[in-house]
J.: 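Below is one structure. I have some questions about it.
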Amino acid sequence: MAGVTLTDVVKQYSDVTAVDHMNLDIRDGEFVTLVGPSGCGKSTTMETIAGLTTVTSGHVHIGDREVTNLPPKDRGIAMVFQNIALFPHMDVYENISFGLRLRKYDKDEIQRRVEHAAEVVQLEGMLKRQPDELSGGQRQRVAIARAIVRNPDVFLMDEPLANLDAKLRVHMRTELQRLHKQLETTIIYVTHDQAEAMTMSDRIAVIDDGQLQQIDPPLTCYNEPANLFVAGFIGSPSMNFVEGEVTAGGFESPRFALSFDPADYGLSPGQSVTLGVRPEDVYREADTAGVTDPSAPVPMRTDVLEPMGDEIFVHLRFGEADETMDDPDAGDRLLMSVDPDADVAEDTDVSVLLDRSRVHLFDTDSEEALVHGLSASATASTPDPEEARGD
Amino acid sequence: MNEVALVYYGGGTLLFFFWVYGIVSFVRDLRRTYIPALRRLAAARQEKKEERAEREQREERERQLY
């Protein structure tokens, strides 16, 4: 077992910087997920760790060894790929033992390790089957067993569940968690699926445009996002954002205001800020059970409802004020999550409030987080829209 | 100059014109069409060869991780 450290790693492809001065410190035995949108550089980051691609500059350490210029076979790692890549002409036993046979291991040792790995991934009794006789999940387990037999310091997994159906993916998620608990090995996992990242990881590293945005435990990324990108990327559906500015009385936008003392949060009047609030922290005035610190109610109008079974997503518009906006789509809508049995209908007036303790403020220019949660003392108010626009 | 000589020299000049025209056209086609096409073909073959080598190298590196 070993930790992995990336120090100022850059990977440049002609005019594209895939990895931009990446610094990562992954601890021994940790399950870290690299997550981000397609093309953000997460797979390239993993490939620099694996040795599949050479870095343009920077250093990669696995344990206390510098492996920056070592070939993959000398790095003490095993990797599970998205396309599984089993040899179709080999049976399960031969596929799992491929790496060991390549390294000229003793026959008895190979058999012992293969049987142990098959037991870990629950493939006993299937060792003589050909890959085309296995289901997608079983094939993926063979690929994982092939990695386990190597007894590597670090497991790398590049979207290993991406080609599986939704049900199997959920099942394999728990299998991987169980595997991590059992092996206690460092696992670095790449995915664009934030549900996988949130449920399996000790920490998640959110990457955008080749740069590390935040690396923290999943709930920290969810509750205390470092910037607007992380706030918008983590959580489904996304966080609501409303642009406004800090005034002497707190936050003010053309739609609504929240009062607080800016000095308490190190903010100054006139500063452009973006308010963020998750759909589950927006409540109907009639249903505020569990809200520790509600804001003053804001009149809105329901638009479209999305029943999901266990909850309903309600798209809200800021009432008749729509007609006064230059761009009715910009920051003038909120998404609210309500119980499935809630009495809501489309195109009706509804009074909503926010849980102030769950509100976030971001600097609109730098996009960095400024405040996570407002304290309980102040109250919110709905400003006169004319006044709020400065007319 | 009698008529036979006129036909002889006239015909010769005509044939000489098309002979030279053919050579000039061939040289021009060679420079504008055939040589660039051959160069493109060679470049494409080289590119394919490099891609194949790169792919094989990548596969070899991936196999080291199995």
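Keep in mind the model is a prediction, meaning the values are calculated, not measured. Residue numbers begin at 1 in each chain, while the letters A, B, ... track the order of the sequences. Computation of the quantities below employed the complete heavy-atom set of this structure, encompassing side-chain atoms and omitting hydrogens, waters and symmetry-equivalent molecules.
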J.: Test salt bridge (Lys or Arg N to Asp or Glu O under 4.0 Å) on B/Arg55 and B/Glu51; report intermediate values, then the result.
T.: CA-CA 6 Å; B/Arg55 200 170 51 242; B/Glu51 272 174 19; 5.2 Å; no
J.: Report which part of B/Glu62 has an atom under 4.5 Å of a heavy atom belonging to chain A: side chain, backbone, both, or neither.
T.: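 Both parts, backbone and side chain.
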J.: Begin with the C-alpha distance, continue with both residues' side-chain angles, and end with the deciding distance and a verdict on side chain to side chain contact (heavy atoms under 4.5 Å, CB included) for B/Gln57 and B/Arg61.
T.: CA-CA 6 Å; B/Gln57 192 184 16; B/Arg61 286 180 172 213; 4.0 Å; yes
J.: If you count heavy-atom pairs under 4.5 Å between each of A/Ala85, A/Pro72, A/Pro71, A/Ala50 and chain B, which one has the most?
T.: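 Maximum pair count with chain B is reached by A/Pro72.
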J.: Report which part of A/Phe87 has an atom under 4.5 Å of a heavy atom belonging to chain B: side chain, backbone, both, or neither.
T.: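 For A/Phe87, side-chain heavy atoms alone lie under 4.5 Å from chain B.
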J.: Can you tell me which portion of A/Arg150 sits under 4.5 Å from chain B's heavy atoms? Options are side chain, backbone, both or neither.
T.: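 It is the side chain, since no backbone atom gets that close.
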J.: Ignoring hydrogens and angles, tell me if any N or O in the side chain of A/Gln130 forms a donor-acceptor pair with the backbone of A/Pro88 under 3.5 Å.
T.: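 Yes.
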J.: Is the shortest side-chain N to carboxylate O distance from A/Arg103 to A/Glu109 below 4.0 Å?
T.: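 Answer for the salt bridge query: no.
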